There are 2 protein chains.
Amino acid sequence: MIQDTKQRIVDTAIAVFNDDQSAPLEKVAEKALVTRRTLHRYFKDRSELLTACSKDIRKRCSEAMAAALDNPGDSLSRLEQLLYAAIDCGAKYAFFHKLHNSDTHDHHSTNDDCAAYEAMYRRFLQFVVHLQDQAIVSKHVTAEWVYCFFSGVVNTAVKADHAGAVAKMNQKQFAWFSFSRGIGI
Amino acid sequence: MIQDTKQRIVDTAIAVFNDDQSAPLEKVAEKALVTRRTLHRYFKDRSELLTACSKDIRKRCSEAMAAALDNPGDSLSRLEQLLYAAIDCGAKYAFFHKLHNSDTHDHHSTNDDCAAYEAMYRRFLQFVVHLQDQAIVSKHVTAEWVYCFFSGVVNTAVKADHAGAVAKMNQKQFAWFSFSRGIGI
DNA sequence: CCCCAATGTCACATTTCTGAGAAATTAATC
DNA sequence: GATTAATTTCTCAGAAATGTGACATTGGGG
């Protein structure tokens, strides 16, 4: 039960901060259905909450991505699973990406969260290059672009779902359609 | 000169708010290379600045998109020009989209800005349906998804450029490659 | 029924953000 | 070089956000 509330606050905070970095904590508390006072019982201050978010993201998101890549099966279906995994992470994935690519963020490989992001990023690039060597992914685009595009499609899918612009059942189907073709598959 | 500063503040504000809605005005002023006091001389308060941003966006972005659609030439190249126009609008386009799709935003067709957004949105959908009828765009995806995807690709291209993840000369090329194929062209 | 852990309520000090006045400074124009 | 417009600097008061302490309330488990 205690973990329940704490986790709910973190999940809410990720969604809120992903949308608005400087949103007041009151907003997070409200959406998490607790008082600001309760929020502060679990997290001393804003930065501690941010840290918790970052850690949670690292754990869930990074692990989900790694799991998809570790999948048995051919490269192509691994790529597909990777996309689905990221979409399932939703705001978490979006925030993961945003956190480590913001102007203010100074990257330190010594920081566990940065290291995890970097590892995921590197592995992704490597995987794409591998797919390009197999002539599965087009060489008209760079691996860096494929990564950006991947993140973009995930964001699009998550937002479209949230806005109700696509039926739930179509979300992943459309995302994979556009992503796979968009990288020349 | 007076217009210079005012416009610079608006441009900066759009970029800053696009990244962080609740960013303090100090941040906007700093990036616009003026004092917060100067900012307040042009804009009474935050909401007036926001309004100015919204109007500026409507003007530049909406017009650029309309111009691309009014182009002579075949449908396909119009679509391509539309994408390039949106990418050229950069943060403005992103913010246009964000403003009118945020949870807090309550849409009123009577509001000029909302009306402009709605008009652009409708025209886009109509155009896509037209392309689908001509069998240029795949019918596997809905027009709504194509719109979301379009915005997503624009965002991706703008961010990738800003982050230096792609060479400037490749930005539009990659974006069109991924977008066009991503909708089944 | 009582206890205890989780949460809520309220009150408060502190900090940051906001908006505006007045005078000083800079820059361009004549 | 005097004049004027634009901007900065300094100041301040009020608003909003933040963080905390003391105490009340609630809702299971013993």
Side-chain angles (χ1 to χ4, degrees), chain A residues 1-57 59-60 91 94-95 98-99 102-106 113, chain B residues 1-57 59-60 91 94-95 98-99 102-106 113:
Chain A
M1 168 125 332
I2 166 168
Q3 288 308 331
D4 237 37
T5 303
K6 192 169 185 177
Q7 187 61 49
R8 194 172 66 245
I9 293 173
V10 169
D11 289 342
T12 309
I14 290 170
V16 170
F17 290 150
N18 181 44
D19 192 77
D20 180 6
Q21 293 179 236
S22 305
L25 297 179
E26 186 80 55
K27 193 170 171 183
V28 176
E30 252 176 44
K31 293 212 177 193
L33 304 176
V34 294
T35 319
R36 194 164 55 87
R37 190 65 190 83
T38 300
L39 186 152
H40 274 113
R41 281 207 185 85
Y42 289 103
F43 307 98
K44 195 174 79 59
D45 57 23
R46 190 184 192 86
S47 89
E48 196 173 300
L49 175 57
L50 244 317
T51 305
C53 290
S54 196
K55 283 211 184 316
D56 184 74
I57 284 169
K59 182 164 173 50
R60 309 210 164 220
F95 202 45
K98 193 179 280 189
L99 268 180
S102 88
D103 293 334
T104 55
H105 176 70
D106 56 332
D113 298 325
Chain B
M1 168 121 338
I2 165 168
Q3 288 308 331
D4 236 39
T5 302
K6 193 168 184 179
Q7 186 61 50
R8 194 172 66 245
I9 293 173
V10 168
D11 289 342
T12 309
I14 290 170
V16 170
F17 290 150
N18 182 43
D19 193 77
D20 179 4
Q21 294 178 234
S22 305
L25 297 179
E26 187 81 53
K27 195 169 170 183
V28 177
E30 250 177 45
K31 293 214 178 192
L33 304 175
V34 292
T35 317
R36 191 165 56 85
R37 193 63 191 80
T38 300
L39 186 153
H40 275 297
R41 284 178 55 254
Y42 288 104
F43 306 99
K44 196 174 77 60
D45 57 23
R46 190 187 192 84
S47 89
E48 197 174 299
L49 175 57
L50 244 318
T51 304
C53 290
S54 196
K55 283 211 185 315
D56 184 73
I57 284 168
K59 180 163 175 49
R60 310 207 163 222
F95 201 44
K98 194 179 280 187
L99 268 181
S102 88
D103 293 334
T104 54
H105 176 70
D106 54 334
D113 298 325

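Note on naming: letters A, B, ... go to the chains in the order of the sequence lines (proteins, then strands), and numbering restarts at 1 for each one. In this text, all values refer to a predicted model and were calculated from it rather than measured experimentally.
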Whole angstroms only, please: what is the CD-P distance between B:E26 and C:dG19?
12 Å
Closest listed nucleotide, where the reference is the side chain of A:H40 and the choices are C:dA6, D:dT20, C:dG8
D:dT20
Kindly point out which of C:dT18, D:dT20, D:dT7 is positioned nearest to the side chain of B:R46?
C:dT18
CZ of B:F43 versus P of C:dA20: gap in Å, rounded?
14 Å
With a cut-off of less than 4.0 Å, is there a side-chain N or O of A:T5 near OP1 or OP2 of C:dA6?
no
Do A:D56 and A:D11 make a side-chain contact, defined as non-hydrogen atoms from C-beta onward lying under 4.5 Å apart?
yes
Can you measure B:Y42 atom OH to D:dT8 atom C1' for me and round it to whole angstrom units?
12 Å
Would you kindly give the CG-to-P distance between A:L50 and D:dT18, to the nearest whole Å?
12 Å
5'-most contact on DNA chain D: A:R41 or A:A23, nearest heavy atom basis?
A:A23
Could you tell me the separation between the CZ atom of A:R8 and the P atom of C:dA6, rounded to a whole number of Å?
14 Å
May I ask you to test the B:D19-A:Q21 pair for a side-chain heavy-atom distance under 4.5 Å?
yes
Which of these nucleotides, D:dC10, C:dT7, D:dG21, is closest to any side-chain atom of B:R37?
D:dC10
Taking the minimum atom-to-atom distance to the side chain of B:L25, which one of C:dG19, D:dA17, D:dT7 wins?
C:dG19
So, does the side chain of A:R36 form a donor-acceptor pair with the base of C:dG8 at under 3.5 Å?
no
Note, B:F17 side chain near B:L49 side chain (heavy atom, < 4.5 Å):
yes
Whole angstroms only, please: what is the NZ-C1' distance between B:K6 and D:dA5?
16 Å
Quick one: does any side-chain atom of B:T38 pair with a main-chain N or O of B:V34 as donor and acceptor, under 3.5 Å?
no
Base, sugar-phosphate, or nothing for B:L33, non-hydrogen atoms under 4.0 angstrom?
sugar-phosphate
Rounded to the nearest Å, what distance is computed from the CD1 atom of residue B:I9 to the C1' atom of nucleotide C:dG19?
15 Å
Out of C:dG8, C:dT7, C:dC17, which nucleotide sits closest to the side chain of A:T35?
C:dG8
Whole-Å distance between C:dC17 P and B:E30 CD?
11 Å
B:T38, nearest nucleotide to its side chain (from D:dT8, C:dT18, D:dG19):
D:dT8
Would you call A:E26 and A:L39 a side-chain contact if the rule is heavy atoms closer than 4.5 Å?
no
